[in-house]
Every structure is written in structure tokens, then in C-alpha cells.
Amino acid sequence: MEGPGRGIRGTAWTVILFLLLPLAVVLPVSLTDQPYLSLPLHTLSLQYYANLLHSADWQSSILQSLLVACVSAGIAVILGTLCAIGCWRMGDHWAKAIQALMLIPIVVPTIVYALGLYRFYAQLGLLDTLLGIILAHAVTAIPYVVVIVSTGLSGVDARLEQAARSLGAGPIVAMRRVLLPLLRPAMLSGGLFAFVHSWDELVIVLFIAGRRVFTLPRRMWDGINDKLDPTLAAVAVLLVILSAALLFLDLWLRARREQT
Amino acid sequence: MNSGAYRWFPIPALLLLVLAYLVPLSQVLMISVTDPELGLGNYALLVTSPSIARVLATTARICVITATAALVLGYVVAYCMTQARPAVRRLMLVGVLLPLWVSVLARSFAWVTLLRREGVVNSVLMGAGLIQSPLPLMWNEFGVSVGMIHTMLPYAILPMASHMRGLDPALMAAARGMGASRAQAFRRVFLPLSLPGVIGAGVLVLIFSLGFYVTPVLLGGGRVRMVAEYISLQIQELLQWGTGTMLATALIAAIGLLLFLLSRAVGLRALSGAR
């Protein structure tokens, strides 16, 4: 069958350029020689990357975000995978109900959850604690892990697991030796998504953080609302590069998943 | 009885979901009918308060503009992706996925550098002598809409593309073989078949746009207020918990209604193709 006409294809590529160009523009801006956010005027300068390298504030925020994102992604992958396997094996109306319940954090706006969480954490003394942020990021990432691992499970032959069970393996052994190796790419994909989810999350942090918790998104938010220092452009460039790396890792994992 | 042990597997995730998500969420609903006093007084503001009416109108307008633009532009991309050779399709997919993986904050910041008064767009246009004074590109509905469309396009493209890939290409070929022009085959065969994907994508984009915070705040600059920013203002600046939680509850109700209409129209399955 013949493809779409030239005008249509041109429009599609224009839209894709529209999606990508804003990400590209931060690169020249981050290399500016001017003291404010602008394109470089006379020469290219790495001063704002040096700024970033020498700023204790930015570094502590990056480390804090890394810690929160790794721990919350770890919790989300473990609990989300267990949940997906349980639902897959049960396959009844309970499983359907659980999967429906898991959609709630995806469709409810974060701002709504953040309000409730603020009140709730105030009662528990969890405001402005890393534990509080980690729990909030983990619980909002679990649904995505469940969806991704469930997709991975739909390609797994249930008889493999049954064979292991009938040969005498208990559910834990059968899971560890048979299911988990098959699910590893899907779990890693889910983990990547959960990591990015926490790494980028701003709204919950804005509500429950005080002086101690200062994640990278919160530092950027303050910078954008304050004086639009070109250091922000340097941070944005690094974030775009990191996202591109994670995306290609995820695409590679998906390709591996389709092979198995 | 084989599945007995597996019944326990979802329990930890469910416990965390209930304790750390549903309990706090239910408090929002509770506060909306108890603060400052028991009753539906807060909900009356939905029809009596001019400032809330203005915020809701702004929110509705920007959501409709965003969803319409994302669906129309996204449809073209999804259509070309389905028809393209595998190598080209992969390239387009990367172009759609990359912005989705970049933090919303970094994307909004990029739009700020482009659109502000002294920003890249204005300085390039002025340098080329095309305009004499800077154009007002942000801190207005134009800027917010551009940022929102940029954020929502991938959510529109991916479900539509995955739905279109499930359509049988033989149907289009048959229409062509029986003498339909390319435009006729598209309009009479492909377009109607692809509509469930469009509806699913549209509802998804509307749901995500309704409660969106970061992009409208940064590109609206306090002059264009959508409901999420208004809610946060009620809580963080004015300490009006009753009003804030009432609007939050109304937001959930609006999203619930959209999901209900979607399930009536195409079934909830359309949503799970979202990613």
C-alpha cells in the first residue's frame, strides 16, 4: 500500500521537531558567555558547568534525589512485581479489582494527593523527612511497575511455572528460579520508570519538604522562580542527556523482552 | 488450590497503597465537607465565587485547546508512524519518547528560555529585523498552551499509534482496490476505525491536563491560573483548606466522570495502551 502523501509526512516530522527542538535549545544557552539566560554572544563558555561542579547546594540536591529515587524505585519494583505476579496467577475478579485499584494513583492529579499527604504526614511527623518522600514516591510508582511487569507476564508461558511446581518447587523457589529470570527485563524497565518518576517529581516535594529535604527538582524550581541563572541550563542539558541514556537503555530492554 | 500462596503476593503493595495513598486521599474528601464547618458550604463556591468561575473557565479553555491540538497533530504523527518502514518508525518513536523521558521541569524551563521577553525566539526575530519590539509569548494563555501541547503530545501519539497498528491494513487496500481514492479510503475506512484510539487518547490528555501544575505555573507567571495552581495557592498562601480540598474533590469527580464516559464509549482497555 502506498504511504501517506508528502504534505502529511512533512507535518508529522515538523511535529517531531517541535517536540525535540526545545530540548536542544538548552545546549547553546548553557554555553553562554553572558551573565543571564541567553544565546552565547562572543564566545562559548563552560563557566556554568564549572559553577555546577563547585556548588555544594546543587551537589547535595543531586545526591539527595539519587538516594530518594533509588530507594523508592527499589521498593516499587519489589512490591509492584509481587503484586503483578499475584494478580497474574490468581487471574480472577480479585485480580481485576486490584489492578483497577492500582490505576487510581495514575489518574488522580498529584496536587490532590499532595494536599492529603501534607495533612497526613503532619499528624505522623513525617513532613520534611526523606522517609516521607521515599514512601510517597514508591507508592505512586508501584502502579506503573505493575502495568509494565504485567505486560511482561502476558508473554510468559504459565506452564513453565506449573512444571516447576509439579516437580516439587514451592512458590518462592518457582518464582525465584523460573519467573524472575524471565521477568528481569520487564522489572528493570519498571525500575527505570520508577526511578525517573521520583527523580522528576516536584509537586509532592513542594508540599511536604521544608528546610532539610531539597531534591533536584525543588532546587531547579527555586532557581527558575528566583533569578533564572544560566546554571539551570547546564542542569537541563545534563538531565536531557541522562534521560536519553535511560530511554535507550529502556528500548534495549524492551527489545530483549520481545526476544524471550 | 495451587494459587493459594500467590494470594498473598499483592498484599504488601495493597497495604502501602491503602496506608500511604488512599488514607491521605480520603482526608482530602473529608476536609472538603468539614472545614470550616460540616456541610456542603465549600461546594456552593463552585457556583457563587467569580474567581473560581474564572479559574475553571481558564482551565477548561486551555484543556480543550491542548487536547484538540495534541489530537490533531498527534494523529498525523501516529498515522505516519503506522505507515512508515520499521527503521523510520523506530526513529519517529524515539523522537516521541525522548521528550516524555525528560523531566517536565527541564522541558518547561526550556520553553521559558525560548519564549520570555528577552528569550531566544524574540532575540532571533529582532536580530533578523522581523519585529521591532519583543512579542508577548509567555505569561499568557498562548505560552501556557504551547507548553501544555508540548507536554501532552506524546500521551496523545502513543495510544493512537498503538491502536492504529492493530487495524488490518487489508481493509484500506480493499477500499482502494474497489475504486476508492486515497482520500476516500482514508475518510470512509481508516478514520472511523481509528476513532476509538482517538477518544482514548483524548480522554487521557484531558485527564492529565486538568490537574497539571508545573507547566502552567511557569509559563503562566501568575497571570494565567489553572485549577491546580489555584488549589496550591488556597493551601500554601491563604490556608483556605476548605476551598482547596473542595476544588481537589471536584477535580477527582471531573476525572471520574471522564473515565466513566470513556468506559461507556470504548472500554477502559484503551487507557492501558497508554504506555
- [ ] Verify side chain to side chain contact (heavy atoms under 4.5 Å, CB included) between V112(A) and L25(B), making sure each step is shown before the conclusion.
- [x] CA-CA 7 Å; V112(A) 175; L25(B) 196 65; 3.8 Å; yes
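- Pairing each heavy atom of P99(B) with each of L20(A), the nearest pair is CD-CD2, 4.0 Å.
- Ionic pairing of D92(A) and R7(B) is present here: one or more N-O contacts between side-chain nitrogen and carboxylate oxygen are shorter than 4.0 angstrom.
- The contact between Q123(A) and chain B is made entirely by side chain atoms (from C-beta outward), counting heavy-atom distances below 4.5 Å.
- Test L242(A), L192(A), L239(A) against W101(B) for side-chain contact (heavy atoms from CB on, under 4.5 Å) and you get one pass: L192(A).
- Note that CZ of R182(B) and CD1 of I8(A) are 9.0 Å apart. Values are rounded to the nearest 0.5 Å.
- Of the possible polar contacts, none joining the S103(B) side chain to the D200(A) backbone as a donor-acceptor pair under 3.5 Å is found.
- Comparing I106(A), I172(A), L232(A), I75(A) by how many heavy-atom pairs each has under 4.5 Å with chain B, the most go to L232(A).
- Between V107(A) and L204(B), every side-chain heavy-atom pair lies at or beyond the 4.5 Å cut-off.
- At a 4.5 Å heavy-atom cutoff, the contact between W13(A) and chain B is made by side-chain atoms alone.
- Only the side chain of V29(A) comes within contact range of chain B, judged by heavy atoms closer than 4.5 Å.
- Between chain A and the options L15(B), L247(B), V120(B), V112(B), the largest number of non-hydrogen pairs under 4.5 Å is found for V120(B).
- For a residue to count as touching a neighbouring chain, one of its non-hydrogen atoms must lie under 4.5 Å from one of that chain's; by this rule A136(A) does not touch chain B.
- Contacts of A233(A) with chain B are made by both backbone and side-chain atoms, with heavy-atom separations under 4.5 Å.
- By number of non-hydrogen pairs under 4.5 angstrom with chain B, the leading residue of W199(A), Y36(A), F207(A) is F207(A).
- With chain B as partner, the option from V25(A), L251(A), L247(A), L79(A) having the largest number of non-hydrogen pairs under 4.5 angstrom is L247(A).
- The distance from atom CZ of F212(B) to atom CD1 of I111(A), rounded to the nearest 0.5 Å, is 11.5 Å.
- Heavy-atom pairs under 4.5 Å with chain B were tallied for I98(A), V237(A), T81(A); the largest tally goes to I98(A).
- Neither the backbone nor the side chain of I78(A) has a heavy atom closer than 4.5 Å to any heavy atom of chain B.
- Between chain A and the options L22(B), I31(B), I149(B), V23(B), heavy-atom pairs under 4.5 Å are most frequent for I31(B).
- When heavy atoms are compared at a cutoff of 4.5 Å, T151(A) does not approach chain B at all.
- Y118(A) and W241(B) have their aromatic ring centers within a separation under 6.0 angstrom.
- For V196(A), the part lying under 4.5 angstrom from a heavy atom of chain B is the side chain only.
- Only the side chain of I142(A) has a heavy atom closer than 4.5 Å to any heavy atom of chain B.
- Separation of atoms CZ (F109(B)) and CE (M220(A)) is listed at 6.5 Å; rounding is to 0.5 Å.
- When each of V124(B), L73(B), L98(B), V28(B) is scored by its heavy-atom pairs under 4.5 Å with chain A, the top score falls to L98(B).
- In this structure, H150(B) and F18(A) approach most closely via the heavy-atom pair CD2-O, 3.4 Å.
- Atom CZ of R119(A) is separated from atom CD1 of I235(B) by 8.0 Å, given to the nearest 0.5 angstrom.
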